[in-house]
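Let me begin by presenting the structure, written as structure tokens, before commenting on it.
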Amino acid sequence: MSGPSTYTPQTGFARWLDTRLPIMRFVHDTATTFPTPRNLNVWYTFGGILMFCLAVQILSGIVLAMHYVPNADLAFTSVDNIMRDVNYGWMLRYMHANGASMFFLAVYIHMFRGLYYGSYKAPREVLWILGVIIYLLMMATAFFGYVLPWGQMSFWGATVITNLFTSLDQIIPGVGTGIAHWLWGGFAVGDPTLNRFFSLHYLLPFVIAGVVGLHIWALHVPGNNNPLGIDVKGPQDTVSFHPYYTVKDAFYLSLFVIVFAVLVFYAPDFVGNPDNYTPANPLVTPPHIVPEWYLLPFYAMLRAIPQKLLGVLVLFGAILTLAFIPWLDTSKVRSSRFRPLMKQAFWVLVLDAILLGYLGSKEPQAVWHLGVADVPLLWVARIATLYYFAFFWVIMPVLGWIEKTKPLPDSIAKSVLGKSSATAPAE
Amino acid sequence: MKHALRFVLTLAATVAVTGAVTGVAQAAEAVGEPIAPKHVEFSFEGPFGTFDRAALQRGFQVYKEVCSACHSLDRVAFHSLSDEGGPGFTEAQVKAIAASYRINAEPNDQGEIFDANGERLKRPGIPADHFPAPFANEKAARVANGGALPPDLSLITKALEGGPARVYSIITGFGEKPPAGFHVLDGKYYNPYFASWNISMPPPLVDGSVTYSDGTQATVDQEAHDVVTFLEWAAEPKMEERKRVGFGVMAFLLLLSGLLYLSYRKVWKDAH
Amino acid sequence: MTSTTAPDATRRDFLHIATGAVGAVGVAAAAWPFINQMNPSASVLALSSTEVDLTPVQEGQQIVVMWRSKPVFIRRRTAAEIAAAKAVKLSDLPDPLARNANLAADAPATDANREIKPEWLVLVGICTHLGCIPLDNQGDFGGYLCPCHGSEYDTAGRIRRGPAPENLYIPPYNFLNDTKIKIG
């Protein structure tokens, strides 16, 4: 908790502004003096990194939109015009495309951090759920955005995913197809679809920015969690956000930007799909339709289920499961540092997610040739999907009841200061 | 420091895993799946790679004299031939190259676009024009090529899995014996580097398909190498600028992260 | 102990200033492409000059070509039109400047300063009042009349009467040979 504001305006102008729109006070209280646990590690820098990613996507997106044409006959060429003729257009385009990948890379690390340290537990349940909402909005934004260049993968990825709605026909005949036609603005993905996806792709990032505001507000009410998972007991457990975490965030952000720059300048098509450099052709289906890497794990789950409607329910269920986590985990201990069984289950989950991503990139009928037998990857995907759901719906509740946790330290300050050789108090 | 290392290694590992996941490693034994492209080296590979100017000009000659009979290069404008990082023609040379092409003309003062013989009215090209296509539309292209559509080549080295090496392999990959039991379709050729292994294009290059103006011996390998270099430039005309700016950006970022690290350590020195 | 407060703001710390300065340079360098992308792109610049073949233009006739999205009048003047333009006194002109992109900004609006070869008049066909396109062979001065608000120009495209403040602009151009000009 931050307590009463300690901001005192220093100049006449500052005093004048403070009584009319206390924006300086707001910045002072939330970003300068905000008491932050003194033991936050590198994994806690990804929130700030994510804000940077959102800013990069919005800024690069706005300038790209000055040249992009959202019409089925002109879209591909307008992107090609950006790459060849617009001043630095190639850089802005590669920043936006690779920036999306970096955005998801950061959000997955951020989410796994939250899982590991129990940041979703009371009193931060709403913070976590707002995060799930942001993640959903990100996926929608990325999906709409990938359609815009109107390449083969844009068109066919849109076709496959929007066709999922037709599975609702099994519940009420006609409803699913009706929804699909409504989404498409026609009888298949086409120009009307492209136009509305552009409108939504431009809109949603600003909705994300708004929800991020709520997310940070919800964070600031209880304050940050920390790697020990124990509450802040007093001022000795915290430092002011500025300069301690502004400089730490800036440093790790610069490392993140180095990785981003390597992609943009030296491997700009590395995470992309070559099929998207072929203009969309409704009459030619590419041999392997795959979404971008950050959607592959869910794609694998969808294809693992043989029945169309069930597959769709599993897909949505996998994402919605995340919202229930604060109540699925019954443990009284937050941080996996003190939960030896949860720690192992967590890392298996990480490997499981990577495995699912790999499986999502393979053809549905692919097999692993292991010396003794051929293992259809479909069955591996089913087992991996099972573990995903089991982790949240079985392991999380059960471990909370049966796990013997390690003893927690008395306080953050004791834990931090006890590690360093200096015993003098910080000042 | 070890945290920073862990951070970068995590990001890099994730990127690498992602690349491995998305990179489709084709199973060699699946019939019809294109086999791995041939090993071939190009001057433009690597973080410091650049285009070999002479190869670009020779490659342009190969495109012009061999490929352009069937394949368009719609997205490339003549003026880009004199741009930095490209074949390096002068503006005067580009003007002459453009003027050597016939471009569909606007309606004349009588509002006609065909002449008395029913031929489409044409005008000489200007640098702002794009390379004209060999066929008026897709249907005409298919009729002239036995139902197959020769793809536009402006982005071909980016549009195929395996990139420039793939394009090189396809155009030099003819003449091998198909495996026993594999059915080569009528009118097509066996080429294991192409999807389905049946390609409609006949082998496009032979030794001496062109006579290079710089005297280089025109073997199939040389011609293929040069035209692929040209096509990679056509797909990525900004490649040299990208790598040059990238170098400056990396140098700057290394400096900035170094300074930020020192500031970070200094700020936190008294806190523990 | 109490949580550490921000370091004393008046203590000039060279390292942090250096870091901040390098960061600011980076932000400025990164901002430049975002601003520059709004400048005309290569495909627009490729059309920034136009070559025109003059052989089809008869004496007393005018053609209109587009240059940088603007109409350019190319008029082959008759001897009478040339003589009429030369006869005008500079003091009769509301706008005394040549408005010729090929000359200095303060060159006077003599007929000689309005073209390169007297026979060929090359003008940007946009009225200097509010941007309408003047009609040729109309008006009391043998030149152009703008239908929007009645500005009248003479046989050298100079404003003589009406609300237009300036003579029609002469674009940058040059003769590549006797029958071809390049505008821009």
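Just so we're clear, the structure is a prediction, and the values are computed from it rather than from any experiment.
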In terms of heavy-atom proximity below 4.5 Å to chain A, should [X] be classed as side chain, backbone, both, or neither?
X: B:Pro47; result: both
X: B:Ser154; result: both
X: B:Ala235; result: backbone

Assess whether atom [atom1] of [X] is packed by more than 12 heavy atoms of other residues, nucleotides or ligands within 6.0 Å.
X: B:Glu91; atom1: CD; value: no
X: B:Phe247; atom1: CZ; value: no
X: B:Glu84; atom1: CD; value: no

Could you tell me whether the side chain of [Y] reaches within less than 4.5 Å of the side chain of [X], counting heavy atoms only?
X: A:Arg84; Y: B:Arg75; value: yes
X: A:Phe260; Y: B:Leu253; value: no
X: A:Asp80; Y: B:Leu155; value: yes

For residues [X] and [Y], report the shortest heavy-atom separation together with the two atoms involved.
X: A:Tyr88; Y: B:Glu241; result: CE2-OE2, 3.8 Å
X: B:Leu260; Y: A:Ala250; result: CD1-O, 3.4 Å
X: A:Tyr277; Y: B:Lys158; result: OH-NZ, 3.3 Å

- Message: Given 3.5 Å as the limit, does a donor-acceptor pair link the side chain of A:Tyr266 with the main chain of B:Phe48, or not?
- Response: no

Value for CZ (B:Arg242) from OH (A:Tyr94), rounded to nearest 0.5 Å, stands at 5.5 Å

CD of B:Glu161 to CG of A:Asn273, rounded to nearest 0.5 Å, is 7.0 Å

Can you say whether [X] sits under 4.5 Å from chain B via the side chain, the backbone, both, or neither, judging by heavy atoms?
X: A:Phe46; value: side chain
X: A:Val262; value: both
X: A:Pro279; value: side chain
X: A:Leu253; value: neither
X: A:Leu355; value: neither

Residues 246-261 of chain B vs side chain to side chain donor-acceptor pair (under 3.5 Å), sequence neighbours excluded, gives B:Tyr261-B:Arg265

Counting heavy-atom pairs under 4.5 Å to chain B, which of [options] comes out on top?
options: A:Tyr294, A:Phe265, A:Phe256; answer: A:Phe265
options: A:Ile258, A:Thr77, A:Asn81; answer: A:Ile258
options: A:Thr278, A:Val257, A:Asn41; answer: A:Val257

Contacts of A:Tyr252 meeting side chain to side chain contact (heavy atoms under 4.5 Å, CB included) (sequence neighbours excluded), chain-then-number -> A:Val42, A:Thr45, A:Lys248, A:Leu255, B:His3, B:Ala4, B:Phe7, B:Tyr264

Checking A:Val247 against B:Lys266 for the side chain to side chain contact (heavy atoms under 4.5 Å, CB included) test, could you report, in this order, the C-alpha distance in whole Å, the side-chain angles of both residues, the deciding distance, and whether it holds?
CA-CA 10 Å; A:Val247 75; B:Lys266 192 169 176 123; over 6 Å; no

Aromatic ring proximity B:Trp268/A:Tyr245, centre distance under 6.0 Å:
yes

